[in-house]
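Note sheet for the following structure.
Small disclaimer: the values here were computed from a predicted structure and weren't measured.
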Amino acid sequence: GDFVQAGARPQSFTYFNEHLLSKLHEVGLTQSNFVLVPGNHDVDRNYVDGQIDILKGLQDRGFNETEFNNFVESQQFNQVSRKFVNYVDWEGEVSDFALGLENIAGKGFALTDEVGVYCLNTALFSFGGAVDRDRKSIEDKGTLGIYTRGIHHWINQTKFEKRILVMHHPFDWLVEWAQDQIHKICAHNFDLVLSGHIHKADAHHQYDGTTSIVKCFAPPLFTQKSDLLGYSIINLDVPRNRISVGYRQWFEDRFLLGVNLARADSGRVYFGVESEVVEAELMPVESGGNYDFLGKALEVSFRDSLKCYA
(Lines give C-alpha, C1' and ligand atoms only; values in the text may rest on other atoms or scores of the structure.)
Protein backbone atom coordinates (compact mmCIF):
# COMPACT_ATOMS: atom_id res chain seq x y z
CA GLY A 1 0.00 0.00 0.00
CA ASP A 2 0.78 3.70 -0.31
CA PHE A 3 2.23 3.30 -3.78
CA VAL A 4 1.70 7.01 -4.38
CA GLN A 5 1.53 10.15 -2.26
CA ALA A 6 -1.91 11.17 -3.52
CA GLY A 7 -4.32 8.69 -5.10
CA ALA A 8 -6.44 11.55 -6.45
CA ARG A 9 -3.89 12.11 -9.22
CA PRO A 10 -3.80 9.34 -11.86
CA GLN A 11 -0.48 10.75 -13.06
CA SER A 12 1.04 9.73 -9.72
CA PHE A 13 0.48 6.09 -10.59
CA THR A 14 2.02 6.73 -14.01
CA TYR A 15 5.05 8.23 -12.28
CA PHE A 16 5.31 5.10 -10.09
CA ASN A 17 5.30 2.93 -13.20
CA GLU A 18 7.99 4.99 -14.92
CA HIS A 19 10.37 5.35 -11.99
CA LEU A 20 9.96 2.14 -9.99
CA LEU A 21 7.89 -0.48 -11.76
CA SER A 22 10.00 -0.18 -14.91
CA LYS A 23 13.10 -1.03 -12.84
CA LEU A 24 11.41 -4.16 -11.50
CA HIS A 25 10.53 -5.16 -15.04
CA GLU A 26 14.19 -4.83 -15.99
CA VAL A 27 15.16 -7.52 -13.47
CA GLY A 28 12.54 -9.91 -14.79
CA LEU A 29 9.55 -9.25 -12.54
CA THR A 30 6.18 -9.19 -14.30
CA GLN A 31 2.48 -8.84 -13.50
CA SER A 32 2.50 -12.36 -12.05
CA ASN A 33 4.96 -11.24 -9.35
CA PHE A 34 3.05 -8.29 -7.89
CA VAL A 35 0.56 -8.77 -5.06
CA LEU A 36 -0.99 -5.44 -4.07
CA VAL A 37 -3.29 -3.89 -1.48
CA PRO A 38 -4.27 -0.22 -1.28
CA GLY A 39 -3.15 2.08 1.52
CA ASN A 40 -4.54 5.33 2.87
CA HIS A 41 -2.47 7.40 0.40
CA ASP A 42 -3.94 5.46 -2.53
CA VAL A 43 -7.50 6.70 -1.92
CA ASP A 44 -8.88 9.56 -4.00
CA ARG A 45 -8.88 12.52 -1.59
CA ASN A 46 -10.81 14.65 -4.06
CA TYR A 47 -13.65 12.15 -3.94
CA VAL A 48 -13.40 11.89 -0.14
CA ASP A 49 -13.55 15.67 0.26
CA GLY A 50 -16.60 15.86 -2.00
CA GLN A 51 -18.40 13.12 -0.04
CA ILE A 52 -17.09 14.02 3.41
CA ASP A 53 -20.47 14.27 5.14
CA ILE A 54 -21.65 10.89 3.84
CA LEU A 55 -18.37 9.11 4.56
CA LYS A 56 -17.99 10.67 8.01
CA GLY A 57 -21.58 9.73 8.76
CA LEU A 58 -20.80 6.10 7.91
CA GLN A 59 -17.80 6.13 10.23
CA ASP A 60 -19.87 7.65 13.03
CA ARG A 61 -22.50 4.90 12.79
CA GLY A 62 -20.16 2.59 14.71
CA PHE A 63 -20.84 -0.62 12.79
CA ASN A 64 -20.33 -3.92 14.60
CA GLU A 65 -18.86 -6.84 12.65
CA THR A 66 -22.15 -8.14 11.22
CA GLU A 67 -23.35 -4.66 10.30
CA PHE A 68 -20.06 -3.84 8.59
CA ASN A 69 -20.08 -7.07 6.56
CA ASN A 70 -23.69 -6.43 5.53
CA PHE A 71 -22.78 -2.87 4.55
CA VAL A 72 -19.93 -4.09 2.31
CA GLU A 73 -22.41 -6.39 0.55
CA SER A 74 -25.00 -3.62 0.07
CA GLN A 75 -25.48 -1.14 -2.76
CA GLN A 76 -24.58 1.67 -0.38
CA PHE A 77 -21.01 0.39 -0.29
CA ASN A 78 -20.51 2.02 -3.71
CA GLN A 79 -20.20 5.30 -1.83
CA VAL A 80 -17.00 3.92 -0.29
CA SER A 81 -15.57 1.83 -3.12
CA ARG A 82 -15.56 4.75 -5.58
CA LYS A 83 -12.66 6.39 -3.75
CA PHE A 84 -10.48 3.54 -5.09
CA VAL A 85 -11.31 4.03 -8.79
CA ASN A 86 -7.90 5.49 -9.71
CA TYR A 87 -6.12 2.79 -7.74
CA VAL A 88 -8.19 0.00 -9.32
CA ASP A 89 -7.59 1.32 -12.83
CA TRP A 90 -3.84 1.20 -12.12
CA GLU A 91 -3.62 -2.17 -10.33
CA GLY A 92 -5.48 -3.90 -13.15
CA GLU A 93 -2.70 -2.85 -15.52
CA VAL A 94 0.25 -3.92 -13.35
CA SER A 95 -0.80 -7.05 -11.45
CA ASP A 96 -2.40 -10.43 -12.12
CA PHE A 97 -3.71 -10.30 -8.55
CA ALA A 98 -5.92 -7.24 -8.92
CA LEU A 99 -8.86 -6.79 -6.56
CA GLY A 100 -11.07 -4.74 -8.87
CA LEU A 101 -13.95 -2.65 -7.56
CA GLU A 102 -16.14 -5.74 -7.19
CA ASN A 103 -13.69 -7.22 -4.65
CA ILE A 104 -12.12 -4.05 -3.30
CA ALA A 105 -12.78 -5.16 0.31
CA GLY A 106 -10.52 -8.20 -0.14
CA LYS A 107 -9.80 -11.24 -2.27
CA GLY A 108 -7.73 -14.42 -2.06
CA PHE A 109 -5.39 -15.90 -4.65
CA ALA A 110 -3.25 -18.99 -5.19
CA LEU A 111 0.46 -18.18 -5.44
CA THR A 112 1.30 -21.86 -5.86
CA ASP A 113 -0.49 -25.14 -5.20
CA GLU A 114 0.83 -24.97 -1.64
CA VAL A 115 0.68 -21.24 -0.83
CA GLY A 116 -2.34 -18.96 -0.86
CA VAL A 117 -2.44 -15.21 -0.24
CA TYR A 118 -5.35 -13.06 0.87
CA CYS A 119 -5.26 -9.34 0.05
CA LEU A 120 -7.25 -7.47 2.70
CA ASN A 121 -8.18 -3.82 2.20
CA THR A 122 -7.85 -2.03 5.55
CA ALA A 123 -8.34 1.42 3.99
CA LEU A 124 -12.07 1.11 3.29
CA PHE A 125 -12.90 3.64 6.00
CA SER A 126 -9.66 5.60 5.70
CA PHE A 127 -9.98 9.31 5.02
CA GLY A 128 -6.44 9.71 3.72
CA GLY A 129 -5.76 12.76 5.89
CA ALA A 130 -9.00 14.59 5.08
CA VAL A 131 -10.59 17.13 7.44
CA ASP A 132 -14.22 17.49 8.44
CA ARG A 133 -16.46 20.55 8.03
CA ASP A 134 -14.89 22.07 11.14
CA ARG A 135 -11.43 21.70 9.58
CA LYS A 136 -10.48 19.03 12.11
CA SER A 137 -8.35 16.14 10.90
CA ILE A 138 -10.31 12.88 10.72
CA GLU A 139 -8.44 10.18 12.60
CA ASP A 140 -8.05 6.74 11.01
CA LYS A 141 -6.40 4.90 13.88
CA GLY A 142 -8.83 2.72 15.78
CA THR A 143 -11.68 3.29 13.31
CA LEU A 144 -10.92 0.99 10.36
CA GLY A 145 -13.28 -1.89 9.64
CA ILE A 146 -12.51 -4.99 7.57
CA TYR A 147 -14.62 -7.43 5.60
CA THR A 148 -14.17 -10.55 7.73
CA ARG A 149 -16.89 -12.53 5.96
CA GLY A 150 -14.83 -12.55 2.80
CA ILE A 151 -11.77 -13.92 4.61
CA HIS A 152 -13.77 -16.71 6.24
CA HIS A 153 -15.34 -17.68 2.91
CA TRP A 154 -11.92 -17.92 1.23
CA ILE A 155 -10.47 -19.98 4.08
CA ASN A 156 -13.40 -22.40 3.99
CA GLN A 157 -13.27 -22.77 0.21
CA THR A 158 -9.51 -23.35 -0.13
CA LYS A 159 -6.90 -25.78 1.13
CA PHE A 160 -3.35 -24.43 1.25
CA GLU A 161 -0.44 -25.74 3.26
CA LYS A 162 0.61 -22.14 3.95
CA ARG A 163 -1.44 -18.94 3.94
CA ILE A 164 -0.22 -15.34 3.79
CA LEU A 165 -2.27 -12.28 4.72
CA VAL A 166 -1.34 -8.97 3.07
CA MET A 167 -2.78 -5.77 4.57
CA HIS A 168 -1.63 -2.15 4.70
CA HIS A 169 -2.46 -1.13 8.28
CA PRO A 170 -1.22 -3.01 11.36
CA PHE A 171 -3.82 -4.62 13.62
CA ASP A 172 -3.92 -1.75 16.12
CA TRP A 173 -5.20 0.67 13.47
CA LEU A 174 -8.42 -1.33 13.15
CA VAL A 175 -11.62 -0.73 15.09
CA GLU A 176 -11.80 -2.83 18.26
CA TRP A 177 -14.02 -5.62 16.96
CA ALA A 178 -11.86 -5.92 13.83
CA GLN A 179 -8.68 -6.16 15.91
CA ASP A 180 -10.23 -8.96 17.94
CA GLN A 181 -11.43 -10.87 14.89
CA ILE A 182 -8.28 -10.54 12.79
CA HIS A 183 -6.19 -11.80 15.72
CA LYS A 184 -8.38 -14.91 15.95
CA ILE A 185 -8.49 -15.47 12.19
CA CYS A 186 -4.73 -15.18 11.78
CA ALA A 187 -3.89 -17.29 14.82
CA HIS A 188 -5.69 -20.31 13.38
CA ASN A 189 -5.47 -19.81 9.62
CA PHE A 190 -2.41 -17.79 8.53
CA ASP A 191 1.32 -18.42 8.81
CA LEU A 192 2.59 -15.01 7.74
CA VAL A 193 1.12 -11.49 7.95
CA LEU A 194 2.62 -8.67 5.87
CA SER A 195 1.76 -5.03 6.58
CA GLY A 196 3.21 -1.55 6.34
CA HIS A 197 1.95 1.97 7.06
CA ILE A 198 3.98 2.72 10.20
CA HIS A 199 7.24 3.33 8.27
CA LYS A 200 9.18 1.08 10.60
CA ALA A 201 10.70 -2.30 9.84
CA ASP A 202 9.86 -5.08 12.24
CA ALA A 203 9.50 -8.85 12.19
CA HIS A 204 8.48 -11.04 15.07
CA HIS A 205 7.05 -14.44 15.89
CA GLN A 206 3.85 -14.62 17.92
CA TYR A 207 3.31 -17.92 19.73
CA ASP A 208 0.80 -18.63 22.50
CA GLY A 209 1.55 -22.31 23.06
CA THR A 210 -0.94 -23.62 20.51
CA THR A 211 -0.93 -21.20 17.56
CA SER A 212 1.98 -19.61 15.73
CA ILE A 213 2.26 -16.70 13.30
CA VAL A 214 5.02 -14.47 11.93
CA LYS A 215 4.28 -10.76 11.42
CA CYS A 216 6.43 -8.59 9.16
CA PHE A 217 6.15 -4.81 8.90
CA ALA A 218 7.71 -3.33 5.77
CA PRO A 219 10.23 -0.50 6.05
CA PRO A 220 9.55 2.65 4.03
CA LEU A 221 11.09 2.47 0.57
CA PHE A 222 10.95 6.24 0.08
CA THR A 223 9.82 8.99 2.43
CA GLN A 224 12.76 11.35 2.89
CA LYS A 225 16.51 10.86 2.66
CA SER A 226 17.06 11.17 6.41
CA ASP A 227 14.76 8.23 7.15
CA LEU A 228 15.82 4.60 7.47
CA LEU A 229 14.82 3.43 3.99
CA GLY A 230 14.91 -0.02 2.49
CA TYR A 231 13.04 -3.16 1.57
CA SER A 232 12.87 -6.78 2.64
CA ILE A 233 13.08 -10.11 0.84
CA ILE A 234 11.06 -12.82 2.57
CA ASN A 235 11.80 -16.48 2.01
CA LEU A 236 9.02 -18.93 2.83
CA ASP A 237 10.46 -22.44 2.95
CA VAL A 238 7.36 -24.64 2.98
CA PRO A 239 9.01 -28.10 3.22
CA ARG A 240 11.24 -27.06 6.12
CA ASN A 241 8.61 -24.84 7.78
CA ARG A 242 10.95 -21.85 7.88
CA ILE A 243 10.63 -18.13 7.24
CA SER A 244 13.56 -15.76 6.84
CA VAL A 245 13.45 -12.00 6.32
CA GLY A 246 16.45 -10.34 4.67
CA TYR A 247 16.74 -6.56 4.62
CA ARG A 248 18.42 -4.20 2.18
CA GLN A 249 19.06 -0.68 3.42
CA TRP A 250 19.73 2.57 1.54
CA PHE A 251 23.16 4.09 2.25
CA GLU A 252 23.87 7.38 0.44
CA ASP A 253 23.78 6.06 -3.13
CA ARG A 254 23.08 2.33 -2.98
CA PHE A 255 21.30 -0.51 -1.18
CA LEU A 256 23.48 -2.53 1.18
CA LEU A 257 23.01 -5.18 3.86
CA GLY A 258 20.18 -3.99 6.14
CA VAL A 259 21.82 -4.43 9.54
CA ASN A 260 19.97 -1.46 11.04
CA LEU A 261 16.61 -2.59 9.70
CA ALA A 262 17.08 -6.15 10.95
CA ARG A 263 18.91 -5.05 14.09
CA ALA A 264 21.21 -8.01 13.43
CA ASP A 265 24.71 -8.22 11.95
CA SER A 266 23.53 -10.61 9.26
CA GLY A 267 20.84 -8.20 8.04
CA ARG A 268 18.44 -11.12 8.34
CA VAL A 269 15.87 -12.45 10.81
CA TYR A 270 15.00 -16.17 11.01
CA PHE A 271 11.90 -17.99 12.19
CA GLY A 272 10.99 -21.67 12.45
CA VAL A 273 14.23 -23.04 13.88
CA GLU A 274 12.25 -25.72 15.70
CA SER A 275 12.23 -27.55 12.37
CA GLU A 276 16.00 -28.00 12.78
CA VAL A 277 15.40 -29.96 15.98
CA VAL A 278 12.94 -32.24 14.20
CA GLU A 279 15.44 -32.67 11.40
CA ALA A 280 18.13 -33.66 13.89
CA GLU A 281 15.87 -36.20 15.57
CA LEU A 282 14.97 -37.85 12.27
CA MET A 283 18.50 -37.88 10.89
CA PRO A 284 19.88 -41.37 10.17
CA VAL A 285 22.47 -42.69 12.59
CA GLU A 286 25.93 -41.97 11.28
CA SER A 287 28.50 -44.72 10.79
CA GLY A 288 29.55 -45.93 14.18
CA GLY A 289 26.09 -45.25 15.65
CA ASN A 290 27.26 -42.34 17.77
CA TYR A 291 25.34 -39.38 16.34
CA ASP A 292 24.73 -36.90 19.16
CA PHE A 293 20.98 -36.19 18.89
CA LEU A 294 20.80 -34.41 22.25
CA GLY A 295 23.85 -32.31 21.54
CA LYS A 296 22.41 -31.26 18.18
CA ALA A 297 19.08 -30.29 19.75
CA LEU A 298 20.83 -28.29 22.49
CA GLU A 299 23.02 -26.58 19.90
CA VAL A 300 19.95 -25.52 17.90
CA SER A 301 18.23 -24.28 21.06
CA PHE A 302 21.33 -22.29 22.02
CA ARG A 303 21.61 -20.69 18.58
CA ASP A 304 17.92 -19.83 18.75
CA SER A 305 18.41 -18.00 22.05
CA LEU A 306 21.16 -15.86 20.50
CA LYS A 307 19.15 -14.78 17.48
CA CYS A 308 17.60 -11.35 17.22
CA TYR A 309 13.83 -11.50 16.74
CA ALA A 310 13.47 -7.89 15.73
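Hydrophobic cluster membership is shared by Val37 and Leu29, with clusters built from Ile, Leu, Val, Met, Phe, Trp and Tyr side chains linked at under 4.5 angstrom. Transitive grouping of hydrophobic side chains (ILVMFWY, heavy atoms separated by less than 4.5 Å) keeps Val259 and Val269 in distinct clusters. Cluster membership check: Ile233 shares its hydrophobic cluster with Leu229, using side-chain heavy-atom separations under 4.5 Å among Ile, Leu, Val, Met, Phe, Trp and Tyr. Under the 4.5 Å side-chain heavy-atom criterion for Ile, Leu, Val, Met, Phe, Trp and Tyr, Leu24 and Val35 are members of the same hydrophobic cluster. Leu256 and Leu221 are members of different hydrophobic clusters when ILVMFWY side chains are connected at heavy-atom separations under 4.5 Å.
By the 6.0 Å contact criterion, CD on Glu176 is open, its count of non-hydrogen atoms from other residues, nucleotides or ligands being 12 or less. Atom CG of Asp172 has more than 12 heavy atoms from other residues, nucleotides or ligands within 6.0 Å. For Asp265, the CG atom counts as loosely surrounded, since its 6.0 Å shell holds 12 or fewer non-hydrogen atoms of other residues, nucleotides or ligands. By the 6.0 Å contact criterion, NE2 on His153 is open, its count of non-hydrogen atoms from other residues, nucleotides or ligands being 12 or less. Within a 6.0 Å radius of CZ in Phe222, no more than 12 heavy atoms belonging to other residues, nucleotides or ligands are found.
Under the 4.5 Å side-chain criterion, counting only non-hydrogen atoms from C-beta, Arg82 is not in contact with Leu101. Proximity of Val85 to Asp44: side-chain heavy atoms (C-beta onward) are nowhere separated by under 4.5 Å. For the pair Ile146/Met167, no side-chain contact is recorded, criterion being any heavy-atom separation below 4.5 Å from C-beta on. Side-chain contact between Arg263 and Asp202: present, with at least one pair of heavy atoms (C-beta onward) separated by less than 4.5 Å. The side-chain heavy atoms of Ile52 and Val48, taken from C-beta on, include a pair separated by under 4.5 Å. Two residues are said to be in side-chain contact when any heavy atoms from C-beta on lie closer than 4.5 Å; Tyr47 and Asn86 fail this criterion. Residues Thr148 and Asn69 meet the side-chain proximity criterion, which asks for heavy atoms closer than 4.5 Å.
Ring geometry for Phe255 against Tyr231 counts as perpendicular: the plane angle is over 60°, on a 0 to 90° scale with 30° as the lower cut. Using a 30° and 60° split on the angle between ring planes, His168 and His197 fall in the perpendicular class, above 60°. Using cut-offs of 30° and 60° for the angle between ring planes, the Trp173 and His169 rings count as tilted. Between Phe68 and Phe125, the two ring planes are perpendicular [angle over 60°; tilted spans 30° to 60°].
Here the closest non-hydrogen pair linking Asn121 and Phe84 is ND2-CZ, 3.5 Å. Closest heavy-atom contact between Phe217 and Ser195: CD2-OG, 3.1 Å. Across all non-hydrogen atoms, the minimal contact from Phe109 to Ala98 is CZ-O, 3.6 Å. Residues His205 and Ile213 approach most closely at CD2-O, 3.4 Å, considering heavy atoms. A pairwise comparison of heavy atoms in Leu257 and Gly267 identifies CG-CA, 4.2 Å as the closest pair. In terms of heavy-atom proximity, Leu58 sits nearest to Gln76 at CD2-NE2, 3.7 Å.
Within the model, atoms CG of Asn70 and CD of Glu65 stand 10.5 Å from one another, a figure rounded to the nearest 0.5 Å. A distance of 6.0 Å separates NE2 of His152 from CD of Gln181, quoted to the nearest 0.5 Å. The distance from atom NZ of Lys159 to atom CG of Asp113, rounded to the nearest 0.5 Å, is 14.5 Å. Distance CG/Asp237 to OH/Tyr270: 12.5 Å, rounded to 0.5 Å. Note that CG of Asn189 and NZ of Lys184 are 13.0 Å apart. Values are rounded to the nearest 0.5 Å. Leu111 CG to Ser32 OG: the interatomic distance, rounded to the nearest 0.5 Å, is 10.5 Å.
The closest donor-acceptor contact from the side chain of Thr158 to the backbone of Trp154 lies under 3.5 Å. Side-chain N or O atoms of Asp180 include none that pairs as donor or acceptor with a backbone N or O of Trp177 at under 3.5 Å. Checking side-chain atoms of Gln51 against main-chain N and O of Gln79 turns up no donor-acceptor pair under 3.5 Å. At least one donor-acceptor pair under 3.5 Å links the side chain of Gln249 to the backbone N or O of Asn260. Side chain of Asp49 to main chain of Asn46: no donor-acceptor pair is present (N/O by atom type, distance under 3.5 Å, no hydrogens or angles). Between the side chain of Ser95 and the main chain of Phe34, a donor-acceptor pair closer than 3.5 Å is present. Side-chain atoms of Lys83 come within 3.5 Å of backbone N or O of Leu124 as a donor-acceptor pair. Judged by distance alone, the side chain of Asp42 and the main-chain N or O of Gly39 form a donor-acceptor pair under 3.5 Å. Using modelled atom types, one side-chain atom of Arg163 and one backbone atom of Ile155 make a donor-acceptor pair closer than 3.5 Å.
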Exercise. Please step through side chain to side chain contact (heavy atoms under 4.5 Å, CB included) for the pair Phe160 and Thr112, ending with a clear verdict.
Key: CA-CA 9 Å; Phe160 293 106; Thr112 69; over 6 Å; no
Exercise. Evaluate side chain to side chain contact (heavy atoms under 4.5 Å, CB included) for Phe190 paired with Ile164, printing each intermediate quantity in order.
Key: CA-CA 6 Å; Phe190 286 92; Ile164 303 170; 5.5 Å; no
Exercise. For the pair Leu165 and Ile182, evaluate side chain to side chain contact (heavy atoms under 4.5 Å, CB included) and give the outcome as yes or no after the intermediate values.
Key: CA-CA 10 Å; Leu165 179 66; Ile182 199 64; 3.9 Å; yes
Practice problem: Using the side chain to side chain contact (heavy atoms under 4.5 Å, CB included) rule, take Ser232 and Leu261 through it: C-alpha gap first, then chi angles, then the decisive distance, then the call. | Solution: CA-CA 9 Å; Ser232 60; Leu261 291 171; over 6 Å; no
Would you list the atom pairs, donor with acceptor, under 3.5 Å between side chains in residues 126-135 and any protein atom, with sequence neighbours excluded?
from: Ser126; atom 1: OG; to: Gly128; atom 2: N; distance (Å): 3.2
from: Ser126; atom 1: OG; to: Asp140; atom 2: OD2; distance (Å): 2.6
from: Asp132; atom 1: OD1; to: Asp134; atom 2: N; distance (Å): 2.9
from: Asp132; atom 1: OD1; to: Arg135; atom 2: N; distance (Å): 3.1
from: Asp132; atom 1: OD1; to: Lys136; atom 2: N; distance (Å): 2.9
from: Arg133; atom 1: NE; to: Asp53; atom 2: OD1; distance (Å): 3.1
from: Arg133; atom 1: NE; to: Asp53; atom 2: OD2; distance (Å): 3.3
from: Arg133; atom 1: NH2; to: Asp53; atom 2: OD2; distance (Å): 3.4

I'd like a table of donor-acceptor pairs (distance under 3.5 Å, sequence neighbours excluded) in which one partner is a side-chain atom from residues 9-19, with atom names and distances.
from: Ser12; atom 1: OG; to: Arg9; atom 2: O; distance (Å): 3.4
from: Asn17; atom 1: OD1; to: Trp90; atom 2: NE1; distance (Å): 2.8

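Residues forming a side chain to side chain contact (heavy atoms under 4.5 Å, CB included) with Glu67 (at least two apart in sequence, or on another chain): Phe63, Asn64.
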